[in-house]
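This is a predicted model, so every value here is computed, not measured. Letters A, B, ... mirror the listed sequences (proteins, then strands); counts begin at 1.
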Amino acid sequence: MQMRAWLLDPAPASRRQAQLGGWFRAWLAFRRNTLGMIGLGIVLLLIGVAAFAPLIVDPASALTQVLADRLQPSSWAHPFGTDELGRDILARVVFGARITLTIVVLVSLIVVPIGLAIGLPAGYFGGWIDAALMRFTDIFLAFPRLVLALAFAAALGPGIENAVIAIALTAWPPYARLARAETLTRRRSEFIQAAELQGASHLRIIATQIVPLCLPSVIIRLTLDMAGIILTAAGLGFLGLGAQPPSPEWGAMVSTGREVLLDQWWVATIPGLAIFVTSLGFNLLGDGLRDVSSGRG
Amino acid sequence: MDSPLLRVRNLSVTYPGDDGDFRAVRNVSFTVGRERLGIVGESGSGKSTTGRAIMGLARPPARVHADELLLGEIDLRQQSERQLRRLRGKRMAMVLQDPKYSLDPVMRVGDQIAETHRTHLGSSKAEARAAALEMLQAVHIRDPERVYGMYPHQVSGGMGQRIMIAAMLIAGPELLIADEPTSALDVTVQTQVLSIMDELVRERGMGLILISHNLHLVSSFCDRVLVMYAGQIVEICDAGSLADAQHPYTRGLLAALPELGRKRGELPQLQRDPAWMDDIAAPLETRSRKVGA
Amino acid sequence: MSAATSGAGHTVGGVARRIVAPLRRLGALLFSVALTFLGLTGVTFAIGRFMPIDPVIAIVGDKASQETYDRVYRELGLDQPVLVQYGTYLGKIARGDFGNSVMTARPVLEDLVRVFPATIELAFLALVIGVVLGIPFGVIAATNRGRWPDQIVRFMSLVGYSMPVFWLGLVGLLLFYAKLGWVEGPGRLDVAFDDIVAPVTGMLTIDALMAGEGDVFANALGHLVLPASILGFLSLAYIARMTRSFMLAQLEQEYILAALAKGLSPWRIIWVHALGNVWVQLVTVIALTFGSLLEGAVLTETVFAWPGLGLYMKNSLFAADLNAVLGGTLLIGAIYILLNMLSDLVYAMVDPRAREPN
């Protein structure tokens, strides 16, 4: 309670207190958003499952083929049944969370720097630099994302790393636009001019003044994009262009389950459900964050 | 004096808020006959909210309360939304500030006039069109046929406001509330728009409530003036006897008006007294009777 | 129709403005379209060069002699500078030469023309479903903001955004085809109905109707309805959501208050005035939706064995048939660009402000 009072102090004594207090207020607003909280729960669950996968299920059962046990329906030993090679579907779904999370994190790590690297100078310098960079961005924006990712994945060859690169190459343009827009609104601010007068270099101003201000909206956008990234990755996996067997990637699991769909429905349905719930979680979280940031409770 | 067109007694509009309620309008009482009544006040004084509350269009989540709210014989408080809809446009209407925003940008202006006619008089397309053309003529638009087919972005502000007046008056309401009808317009057309509105209101024997922040305009145009401050009426008097105004706020406003032909130094700045925010004990209406007609 | 404002006469300058301004805008639009298309070909060209598969070996096989290899290498122009190769590539595309497909041994363009109608048929019905349901849903959500219809529409949109379309297709097949038998299975037509109707448009439902073959039409529609509904649900989610937010913005406008003051019915205010303004913005959204439906078709067609562009590209991918993949990418990309241009033009037609600038 004391902590709470300190955080909500209308007259914070330090910059850190003010900052933490701001975050805490945002959290209080976010907590009222039921759907957003559900989303947060799903995302935390995904992270937890991925982190503690070996503790939740036996790692061996995700990959070991037990042909005698193939295509078993749900039972105590295999709550989600087994697939066409007798592997435990629950174990594979749990380990699949690691792959999904890896893809999402890797894509974010590529996409955000590219987006910032193109959007920030465009907004900051303006003029022909802006025109050239944005024209370049528009070209990529004009592409249908999955199709371009397909073409890239086809050219680079199948595999999870190439899927990540392919998705990242198609996912960065909105970030460039966002970073540019955020920079434009801040470019003429007095604190930027003050920094300029003090002789700070452009690079320094961008890195220390503008980037931190862009990050919140970039993060919200990223959360909303996560679902799209997960779906594209799963789609590539489903088409056989993502993670390769025997890796328990959810999209690829749906694809193999397709062969036995009519008789053993669970083989395809369960991993698909995992994809759906995970991307729904990110969407709910992102939506909630956006509501809070735009001030509609 | 014949029976009033509008009778308002103790009208209050309250907005619930996180830190207590905000009372935008507080116990406002007045009547409107077949006359031109001006409501003056600065922004936030509650004058627009009063107008909207009469129309039953207070911005949600407003709570409107009144001891009496009579339009002729009709108790507006008792009307359902559906019944109110039949009154709006037909018995009472409202002209808004800026025709640039109050006209639908993707509909021909003529159709926007005609639709009021069709809604209230159940007329056919052709009848409504004829009536709209006639109405355009009535607001002194020279080439009604041509203007009928124009879109709002193609007409000037003054013409837009005349079109708005036409759309509001075509179904023959007896009360018109004009909320800052000229403040978005070019100075050169303000008088023209006002005089057209005045002409129509007189011809049709209507009542007009002119809401404005401009005391000078209101006092020269209206029969009676009602001054609002912080949601309350602080003064009701005849336009001609404004000089005898009693409330210090009104006097302050008057003193701040520059006058032609009189040389004076710096205009005095209006000094506000926090006490004006307090609730006024006695309703002002009685006093207005004394001063008024 | 005359566009002069009050007071402004029909001066020479006015006339020039009315004719020249739209032409200039059209010119700027065409220029940007051309530039984007150039970029598109640049990207497909670059992808072609990235390809780890050696295009020469793909033709001559890995047992060919060095001599043959070198000859084909030169024939393909691979010894030329990159820019020259790109120029050659552009020239070929301009002539409609996308190369031959390894898989079908036919020109890629011919293949594309053959498979594309199936995709159009699917995407178009999906779009109709998305528009016809999505717009009313969005309007209802906006006018009931914060109440249960709004919550339902918002949640439904999020579900649509989160749905792996290939999985939904499988579940749909399992449920509506295998278990309930309400719809036909994968493919476009039962074998029994093959070759009854001669292809005219390539869209089976339309061809069947034109030929007066009711049975064929019913069967084709039975095959079409499930994949189209599933794709339609995705576009519905997007359209409903965008309609909702556009509508919320319009309902705040002053002209809504004016319409209320005129005593208009809520029905007229919402569906005529507010939606009339939303339409202007929705044009772009609908064009974008159609583009994303083509994209979704790749996965949906795979699930439903629907012989359209998506399935063609997917099969080409696995046959390492690069010409076919890049041809398909180029086609979809070009449609994307054209849709964007079209939406700009339609926008100008729907919005009087853009039609006759003042």
Side-chain angles (χ1 to χ4, degrees), chain B residues 51-52 55-57 59 81-82 84-108 111-113 115-120 141-143 146-147 149-160 162 164 167-168 170-171 173 176-177 179 189, chain C residues 1-10 14 17-18 21 143-147 246-283 346-358:
Chain B
R52 292 183 63 157
M55 295 288 292
L57 293 173
R59 205 181 286 277
E81 181 52 38
R82 176 181 285 270
L84 271 177
R85 228 183 295 141
R86 262 182 240 136
L87 298 174
R88 290 186 207 125
K90 183 85 170 70
R91 304 284 305 270
M92 55 181 176
M94 182 162 70
V95 173
L96 303 172
Q97 181 170 350
D98 193 342
K100 219 192 269 127
Y101 302 110
S102 53
L103 288 167
D104 180 344
V106 300
M107 188 186 271
R108 290 170 198 283
D111 292 335
Q112 298 191 45
I113 303 172
E115 69 179 349
T116 316
H117 197 266
R118 295 198 73 182
T119 303
H120 291 293
I141 282 172
R142 263 167 301 169
D143 190 354
R146 188 171 66 86
V147 172
M150 288 168 104
Y151 285 97
H153 74 280
Q154 297 169 321
V155 303
S156 65
M159 194 191 272
R162 284 185 277 157
M164 206 62 224
M168 288 301 171
I170 193 169
L176 180 68
I177 300 172
D179 190 352
V189 296
Chain C
M1 195 175 68
S2 156
T5 50
S6 67
H10 295 260
R17 207 177 56 228
R18 272 204 309 285
T143 48
N144 290 284
R145 185 179 189 176
R147 291 198 291 273
F246 291 156
M247 197 72 188
L248 283 177
Q250 290 302 324
L251 290 175
E252 305 259 302
Q253 302 294 315
E254 282 269 301
Y255 70 83
I256 297 292
L257 178 63
L260 283 166
K262 288 197 275 188
L264 304 185
S265 66
W267 180 267
R268 188 169 171 86
I269 293 174
I270 291 165
W271 295 95
V272 177
H273 285 284
L275 192 62
N277 283 274
V278 166
W279 261 117
V280 176
Q281 297 163 287
L282 272 182
V283 171
V346 175
Y347 184 101
M349 275 157 54
V350 176
D351 189 344
R353 284 159 296 188
R355 188 165 52 218
E356 283 153 16
N358 226 347

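- Contacts of Arg82(B) with chain C are absent, with no heavy-atom separation under 4.5 Å from either backbone or side chain.
- Between Ile170(B) atom CD1 and His120(B) atom NE2 the span is 10.5 Å, to the nearest 0.5 Å.
- The candidate from Leu260(C), Leu257(C), Val272(C) with the greatest count of non-hydrogen atom pairs under 4.5 Å with chain B is Leu257(C).
- In this structure, Leu248(C) CG and Gln250(C) CD are separated by 10.5 Å, a value rounded to the nearest 0.5 Å.
- In terms of modelled atom types and a separation under 3.5 Å, the side chain of Thr116(B) and the main chain of Ala167(B) share a donor-acceptor contact.
- For the residue pair Val95(B) and Met164(B), the shortest heavy atom distance occurs at CG1-CG, 4.4 Å.
- Neither the backbone nor the side chain of Glu81(B) comes within contact range of chain C; no heavy atom of the residue lies under 4.5 Å from a heavy atom of that chain.
- Here Lys262(C) contributes atom NZ and Ile113(B) contributes atom CD1; the two are 8.0 Å apart, rounded to the nearest 0.5 Å.
- Relative ring orientation between Tyr151(B) and His153(B) is described as parallel, the plane-to-plane angle staying below 30° on a 0-90° scale split at 30° and 60°.
- The shortest side-chain heavy-atom distance between Arg268(C) and Arg118(B) does not fall under the 4.5 Å cut-off.
- Using a 4.5 Å cut-off between heavy atoms, Thr119(B) contacts chain C through its side chain alone, with no backbone atom that close.
- Only the backbone of Met92(B) comes within contact range of chain C, with heavy atoms under 4.5 Å apart.
- With a threshold of 4.5 angstrom between heavy atoms, Met168(B) approaches chain C through side-chain atoms but not through N, CA, C or O.
- Heavy-atom pairs under 4.5 Å with chain B peak, among Pro266(C), Ala261(C), Gly276(C), at Ala261(C).
- Looking only at heavy-atom pairs under 4.5 Å with chain C, the residue among Pro105(B), Pro173(B), Gly158(B), Ala171(B) that has the most is Pro105(B).
- The candidate with the highest count of non-hydrogen atom pairs below 4.5 Å against chain C, out of Lys90(B), Gln112(B), Arg86(B), is Gln112(B).
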